[in-house]
Amino acid sequence: MINDSMLDSLMWTDKKKEWIISAAFLLVALISTGAFFLYDHSNQKEYLEERVYGVERAHERAYSSLYLFTKQLSSIYSQQLLDERLNRWLRNPGELKEDMYELSFVQKSFIGLIQSHTGLESIYLYNQKIDRILSTSFMISSLEQFPHREVFEEYYASGASSVTVTTSSDRNPRIKDEQLSFVFGIPSRSPMQGGVISFNYDLGYIKEAVLGNSHSFIWVDETDDIIITDSEEHRLFYEEHRKALITTQQTSFHVKDHHVIRSESPDGSWKLLTIIPLEELYGNRQNSMTQLGFVVSLSLLAALMPHIYFYIAKRRRERWFRTKVQSNLVDMQKGFIHDLLSGKPLHDMHEKAQEYLIDLNSDVYQVIVFEIDDYYHHLIDKSHQEKLLMNKVIFNAIHWTFKLRFTTTYTLNAEYAKIAVLIGYEDTAAGSSDGSALPRADEQDLTTAVRYIQQDIHEQFGLTVCAGVSMPVREVSQIHEAYVHALSALEYKSVYGKGSMILYSQVPNGASASEVGSMYEYSDKLASYLHKGDVNAIEQLLDGLIRSWIAGGTSAVSGLHAWFGNLLFSLMKFALEQRIDLNKHLKEDVFFRLYSYEFIEDKKRYLLEICRFIVSEVHTDHSRKNETAEWIIEYIGKNYDKPLSLSILADKISMSPSYLSALIKSHLGVGFVEYVSQLRIQKAVRLLEDDSLTVQDIAEQCGYDTIHTFIRQFKKTHRMPPNEYRKIRRRELGQQEIL
């Protein structure tokens, strides 16, 4: 087996040549592949842009056609609202024979609309007061007997001012073709004197004449529910990704593996989406992928050729390197011992040990790992030369101390800031048959050696050293287990303290750390004790936590440090809820300070100091919170009709937006946005009584940035736009004057 460091030092020139040649071949392969990728990407980009442009043009045509269709539908509805005979019949219906004359004129106007508007198949008018339906099919009946009554039933079930209802032959056997019904309410002073009118269009006409008979379009209403789609696949895709499709700010974007184009009506009452899978846009790229595979294959072959050659040449050079092993014996010994400690599989282990002059004939083996306490803090102010000198002195002190006391001793820097010692000795004294205990004399020698090293390093450098001691093992193949045991014992240095000697046999190995309890349980208890101001209970809680973790065994100790970090996070969260900035008040980064402590007792003491500080802050006068809340409510009442937001108000009073929001909600029972909206809508209702003010004027006086935002908020509260509300109020006031 050839040591890698030796190969690097002896064959640097040859390896440099290998890397240069390999890099040249690899560069040629990468350039060839990259050039083809760039060429293919350029073609693909142009191809995709052309396809997207065509899709966008089709979407724009469909949107324009749909916009004209909805405007026409709105015009028809407005015309019916002004029809005198229709409104007279809804308000004052008489006996059927008396109404027939008037209804004949209404019927003729309906037939005229059907004849003048393509796609409009029928019109239904429902008089809720007398439960009578007039349809263009020359039928007058009650709602229960009307064959197409589901349009009115869905209207009343929705509670909205208008709905769209799709009817097919599966749903209503009397309908030959699919129909799309637009159902509108006709307002009246009394809820029982109003009417409902339904305009029934041929669904096929809307799909073909309006939307261009495309399977890629989805038409949705103002509540983002689907009105029309011709593809069940697109319907499922829309339902699965509804939020991303509706809320994405761009009008042309990608969602998962689909390209989406979205347009919205000016009044926000409907949206039109075009959804096309990207594979349809890319089209057939099989030829391009075949060429790409051919180019990549050639490039890989070119890159592998020098590696094949150098592999054969390397095998020949290894035979020559074996003659150089003796000149690097110390390095080879360290590499072999390192492989033993790490558990790396070694072929011909005993033959290699003899070749490197390593004695593996001891009866018992043991591993000791030394680690300097606060090593990083001590070295931070040292120069590079001082660090090297100190490390060399400490290493030699450990090496010769064990070399003089034990026949077989190997020392190496196994990990950064850790020095491992492998010792071997004869089991000549009485001990357990399985090697689980040391002979008496060797145990004393081991303790004496460790204590001597700790004292020597403390006298020279003022440092304390911890030592982790493994269980004794009898097989060479178990040496890596002993090394793991020593490292595991060393994990307990944070519990046993500085300058400790920790035997793996004394390390607890009891219940699972899962028995400690959940973080939420400790956080709740911690918050409860903080509210009560009981720091003694918190200290008992921490002591119980430490005992539970220690009982969990070596694997639990490392988790205990993370658990203390979680407890500090809980303290930070509690402090923020009380508007206490720990970093600011304590003038330090509390997490950095906590993590700088290596030992559990130091971490515990620091957490208790923070708890005492929080308790002293929490139990101060809370009256200022109520005064602040009352001032905030008064300020909102004076400025709600001006540009106002939670962040603006929070900046004004130097308070975080999240805390301000919680304070307002706890004081009023509603959130900031809802409260401001209520005040603005109340003012808008009063201003609508003044006919000299336009809706735009009212929106500005109520503090809205745009008229669209005002209309949307007004409809959310009163179920109708401001202009319609004003008309209804005007009619009601006029009728009250007449009466």
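Not measured: the values here are computed from a predicted model.
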Does a sphere of radius 6.0 Å around [atom1] in [X] hold more than 12 heavy atoms from other residues, nucleotides or ligands, not counting ones at 6.0 Å or beyond?
{"X": "Gln72", "atom1": "CD", "answer": "yes"}
{"X": "Lys243", "atom1": "NZ", "answer": "no"}
{"X": "Glu84", "atom1": "CD", "answer": "no"}
{"X": "Phe253", "atom1": "CZ", "answer": "yes"}

Approximate separation, where rounding is to 0.5 Å, of [X] [atom1] and [Y] [atom2]:
{"X": "Phe714", "Y": "Ile711", "atom1": "CZ", "atom2": "CD1", "value": "10.0 Å"}
{"X": "Tyr640", "Y": "Cys702", "atom1": "OH", "atom2": "SG", "value": "7.0 Å"}
{"X": "Thr166", "Y": "Glu150", "atom1": "OG1", "atom2": "CD", "value": "11.0 Å"}
{"X": "Ile76", "Y": "Ile114", "atom1": "CD1", "atom2": "CD1", "value": "10.0 Å"}
{"X": "Ile130", "Y": "Asn92", "atom1": "CD1", "atom2": "CG", "value": "11.0 Å"}
{"X": "Ile275", "Y": "Ser216", "atom1": "CD1", "atom2": "OG", "value": "8.5 Å"}

Between [X] and [Y], is there a donor-acceptor pair closer than 3.5 Å when you use the side chain of the first and the backbone of the second?
{"X": "Ser141", "Y": "Gln145", "answer": "no"}
{"X": "Ser65", "Y": "Ala62", "answer": "no"}
{"X": "Arg262", "Y": "Leu245", "answer": "yes"}
{"X": "Asn200", "Y": "Ser181", "answer": "no"}
{"X": "Lys683", "Y": "Gln701", "answer": "yes"}
{"X": "Thr248", "Y": "Ala244", "answer": "yes"}
{"X": "Asn639", "Y": "Lys642", "answer": "no"}
{"X": "Ser74", "Y": "Thr70", "answer": "no"}
{"X": "Ser269", "Y": "Ser265", "answer": "no"}
{"X": "Asp697", "Y": "Leu693", "answer": "no"}

Minimum heavy-atom distance between [X] and [Y], given as atom pair plus value:
{"X": "Arg149", "Y": "Glu144", "result": "NH1-O, 3.2 Å"}
{"X": "Ile227", "Y": "Thr164", "result": "CG1-OG1, 3.8 Å"}
{"X": "His708", "Y": "Pro266", "result": "CE1-O, 3.8 Å"}
{"X": "Val210", "Y": "Leu66", "result": "CG1-CA, 3.6 Å"}
{"X": "Leu81", "Y": "Pro187", "result": "CD2-CD, 4.0 Å"}
{"X": "Glu56", "Y": "Ser252", "result": "OE2-OG, 3.6 Å"}

Identified side chain to side chain contact (heavy atoms under 4.5 Å, CB included) counterpart of Val106 within the set Leu134, Ile123, Ile111:
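The side chain to side chain contact (heavy atoms under 4.5 Å, CB included) with Val106 is passed solely by Leu134 among Leu134, Ile123, Ile111.
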According to side chain to side chain donor-acceptor pair (under 3.5 Å), who are the partners of Asp224, at least two apart in sequence or on a separate chain?
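Asp224: side chain to side chain donor-acceptor pair (under 3.5 Å) contacts with Lys271.
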Report yes if the side chains of [X] and [Y] come closer than 4.5 Å at any heavy-atom pair, otherwise no.
{"X": "Ile218", "Y": "Phe237", "value": "no"}
{"X": "Tyr124", "Y": "Val196", "value": "no"}
{"X": "Leu688", "Y": "Pro722", "value": "yes"}
{"X": "Asp83", "Y": "Gln79", "value": "no"}
{"X": "Val673", "Y": "Leu646", "value": "no"}
{"X": "Tyr704", "Y": "Ser677", "value": "yes"}
{"X": "Ile186", "Y": "Gln80", "value": "no"}
{"X": "Leu90", "Y": "Gln128", "value": "no"}

Should the pair [X] and [Y] be assigned to parallel (<30°), tilted (30 to 60°) or perpendicular (>60°) ring geometry?
{"X": "Phe217", "Y": "His59", "value": "tilted"}
{"X": "Tyr725", "Y": "His718", "value": "tilted"}
{"X": "Phe146", "Y": "Phe152", "value": "tilted"}

State, without any angle test, whether [X] and [Y] hold a side-chain donor-acceptor pair at a distance under 3.5 Å.
{"X": "Ser645", "Y": "Ser647", "result": "yes"}
{"X": "Ser78", "Y": "Ser75", "result": "no"}
{"X": "Asp131", "Y": "Ser142", "result": "no"}
{"X": "Gln696", "Y": "Glu700", "result": "yes"}

Give the intermediate values and the outcome of side-chain contact (heavy atoms from CB on, under 4.5 Å) for residues Glu222 and Lys715.
CA-CA 12 Å; Glu222 60 182 344; Lys715 289 174 65 177; 3.4 Å; yes
Quick one: are the ring centres of Phe182 and Phe199 less than 6.0 Å apart?
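No.
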Please confirm whether the ring centroid of Tyr238 lies under 6.0 Å from the ring centroid of His234.
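That pair fails the under 6.0 Å test.
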Test: [X] and [Y] ion pair at under 4.0 Å:
{"X": "Asp225", "Y": "Arg242", "result": "yes"}
{"X": "Glu689", "Y": "Arg726", "result": "no"}
{"X": "Arg235", "Y": "Glu239", "result": "no"}

Chi angles and distances behind the side-chain contact (heavy atoms from CB on, under 4.5 Å) call for Trp89, Leu125:
CA-CA 11 Å; Trp89 182 62; Leu125 176 63; 3.8 Å; yes
Just do the side-chain contact (heavy atoms from CB on, under 4.5 Å) check on Glu178 and Asp202 with the steps written out, would you?
CA-CA 6 Å; Glu178 287 187 310; Asp202 180 11; 5.7 Å; no
Among Trp219, Phe69, Trp270, find the residue that satisfies the ring-ring contact (aromatic ring centres under 6.0 Å, His included) test when tested with Tyr63.
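One option only clears the test, and that one is Trp270.
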List the steps and the verdict of side-chain contact (heavy atoms from CB on, under 4.5 Å) for Tyr126 and Ile197.
CA-CA 6 Å; Tyr126 177 49; Ile197 190 166; over 6 Å; no
Can you check salt bridge (charged side-chain N to carboxylate O under 4.0 Å, His left out) on Arg57 and Glu60, steps first, answer last?
CA-CA 5 Å; Arg57 297 290 76 74; Glu60 289 176 1; 2.4 Å; yes
Run the numbers on Asp641 and Arg680 for salt bridge (charged side-chain N to carboxylate O under 4.0 Å, His left out), then give the verdict.
CA-CA 6 Å; Asp641 54 358; Arg680 288 176 173 176; over 6 Å; no
